[in-house]
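Each chain gets a letter, A, B and so on, in the order its sequence line appears, and its residues count up from 1.
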Amino acid sequence: MPELPEVETVRRGLEKHVTGRTVASAEVLHPRAVRRDPGGFTALLPGHRLASAQRRGKYLWLTLDPAEHALLAHLGMSGQLLVGDPDRPVSSHVRVRLTFDDGGPDLRFTDQRTFGHLAVVPFATVSAPVLLPAPIAHIAPDPLEPAFDPAVFAARLTRRKTGVKRALLDQSLISGVGNIYADEALWRAELHWARATDTLKPAEVTRLLDAVREVLNEALVAGGTSFDSLYVNVNGESGYFDRSLAAYGRAGEPCPRCGTPIRRDPFMNRSAFSCPGCQPLPRGTRIHR
DNA sequence: GGGTTAACCTGCGGGC
DNA sequence: TGCCCGCAGGTTAACC
């Protein structure tokens, strides 16, 4: 699933293959793909040059020139942005197609499960220090961007009364982390997913944040190695990083650190993977699934 | 107002 | 063989 490293890989691909080009046409093949568009998706884009590709957390956007609007994208769980020969067949999962006035490769938003979306939106009026598209003004900085303040994160995290994994998945607290990298970071930091946020010691918060950054950076390096020139995303899944996963999806397999079998717990209608040996839950912890 | 849950959606794999 | 069900998961509206 696309989390920060996958989205950053896509952003870099767009920066290389799409920025500087002018949109000729925008075609919506499935209305759900633009369900969050305030209106005028197909009318606003043609004639605009795509000036830059930016990202915060799992959202990315192309700034339109003139710079009053952005083409905002979220890949959801299965979204891909593919650049290729405009004459190639249009597969059944293509939801939106953009062509360019240079007649070169087109851009296709492909999304099997339709959780992703595109929208042409204005920028938020107040969102210093970064100019953000209005619909994502509430999304917190991600841990790899300069605007991220570890002290602010630590204070907000420990003020909460919930479990630490729930907090990591809350994009208004810290963005870019999804189910896979949350489990991996917690494993590295040796913290149980249900650990109460208001009991975390400063050293544990630091350990957690270091682990989050480490796992995101490692995945980013892995994502950066395996996409070819005209294929913007890797594959919309996390396959390339599979071999590096210590806990996620490894129920029953020995923990790489202590050998205890990894355990799967139901959590928020999905799963949490952890090692009962080195990620123990303090006695009496209230479990927020 | 913070915390939590259900709904959205499709393909795949397991069980019968 | 084919059907049914559970599972995968990010965001947000709606609830408590």
*Look at A:Arg95 and B:dC9 and indicate whether a side-chain polar atom (N or O) is within less than 4.0 Å of OP1 or OP2.*
no
*Name the one of A:Asp106, A:Leu71, A:Leu62 that satisfies side chain to side chain contact (heavy atoms under 4.5 Å, CB included) with A:Leu98?*
A:Leu71
*Nearest-Å distance for atom pair CD1/C1', residues A:Ile136 and C:dG10*: 14 Å
*Taking only the side-chain nitrogens and oxygens of A:Asn269, find out if one of them lies under 4.0 Å from OP1 or OP2 of C:dC7.*
no
*asked:* Can you tell me if A:Ser271 touches the phosphate of C:dC7, counting only side-chain N or O atoms and a distance under 4.0 Å to OP1 or OP2?
replied: no
*asked:* Tell me the closest heavy-atom pair linking A:Pro2 and A:Gly79, and the distance in Å.
replied: CG-O, 4.4 Å
What nitrogen or oxygen pairs link the protein and nucleotides 11-13 of chain B at under 3.5 Å?
unit_1, atom_1, unit_2, atom_2, d
B:dG11, OP1, A:His93, NE2, 3.2

*What's the closest nucleotide to the A:Phe115 side chain, out of B:dT5, C:dT11, B:dC8?*
B:dC8
_In whole Å, I'd like the distance from the NZ atom of A:Lys165 to the P atom of B:dG3._
18 Å
*Please state whether the phosphate of B:dT4, meaning OP1 or OP2, lies under 4.0 angstrom from any side-chain nitrogen or oxygen of A:Thr162.*
yes
*asked:* Check the phosphate of C:dT11 against A:Arg35, side-chain N and O only, distance under 4.0 Å to OP1 or OP2. Yes or no?
replied: no
*Between P of B:dT4 and CZ of A:Arg166, the distance in whole Å*: 5 Å
*asked:* As a test of reading the structure: which of C:dT12, B:dT5, B:dG3 is closest to the side chain of A:Lys161, going by heavy atoms?
replied: B:dG3
_Nearest whole Å is fine: how far is C:dT11 P from A:Asn179 CG?_
12 Å
*asked:* If hydrophobic clusters are built by linking Ile, Leu, Val, Met, Phe, Trp and Tyr wherever their side-chain heavy atoms come under 4.5 Å apart, do A:Phe148 and A:Leu168 end up in the same one?
replied: yes
*Taking atom C1' of C:dC7 as reference, at what distance in whole Å does atom CZ of A:Phe273 sit?*
10 Å
*asked:* For a quick test of reading the model, state the closest non-hydrogen atom pair linking A:Asn179 to A:Ser271 and the distance between them.
replied: ND2-O, 3.2 Å
*Please determine if a side-chain N or O atom of A:Lys58 lies less than 4.0 Å away from the OP1 or OP2 oxygen of C:dT11.*
yes
*State, without any angle test, whether A:Ser52 and A:Gln54 hold a side-chain donor-acceptor pair at a distance under 3.5 Å.*
yes
*Looking across every strand, which nucleic acid part, if any, lies under 4.0 Å from A:Arg264 by heavy atom: base, sugar-phosphate, or nothing?*
sugar-phosphate
*Please state how far atom CE in A:Met268 lies from atom P in C:dC7, giving the value in whole angstrom units.*
16 Å
*Taking a hydrophobic cluster as the set of Ile, Leu, Val, Met, Phe, Trp and Tyr residues connected by side-chain heavy atoms closer than 4.5 Å, whether directly or through intermediates, do A:Leu132 and A:Phe123 fall within one such cluster?*
yes
*So which of A:Arg213, A:Lys58, A:Arg55 actually passes salt bridge (charged side-chain N to carboxylate O under 4.0 Å, His left out) with A:Asp142?*
A:Arg55
*Please give, in whole Å, the distance from C:dT11 P to A:Leu169 CG?*
9 Å
*Does A:Val28 share a hydrophobic cluster with A:Leu64, counting links as ILVMFWY side-chain heavy atoms below 4.5 Å and allowing steps through other members?*
yes
_If you compare every side-chain N and O of A:His74 against the phosphate oxygens of C:dT11 (OP1, OP2), does one of them come in below 4.0 Å?_
yes
*asked:* Check the phosphate of C:dT11 against A:His138, side-chain N and O only, distance under 4.0 Å to OP1 or OP2. Yes or no?
replied: no
Review item, nucleotides 14-16 of chain C N/O atoms under 3.5 Å of protein N/O:
none

*Angle class for the A:Tyr59/A:His74 ring planes (parallel below 30°, perpendicular above 60°, tilted otherwise)?*
perpendicular
*Is it true that A:Val94 and A:Val18 fall in one hydrophobic cluster, defined by side-chain heavy atoms closer than 4.5 Å?*
no
*Give one of base, sugar-phosphate or nothing for A:Arg159, where a contact means two heavy atoms less than 4.0 Å apart.*
nothing
*Tell me: CG of A:Leu72 to C1' of C:dG10, nearest whole Å?*
14 Å
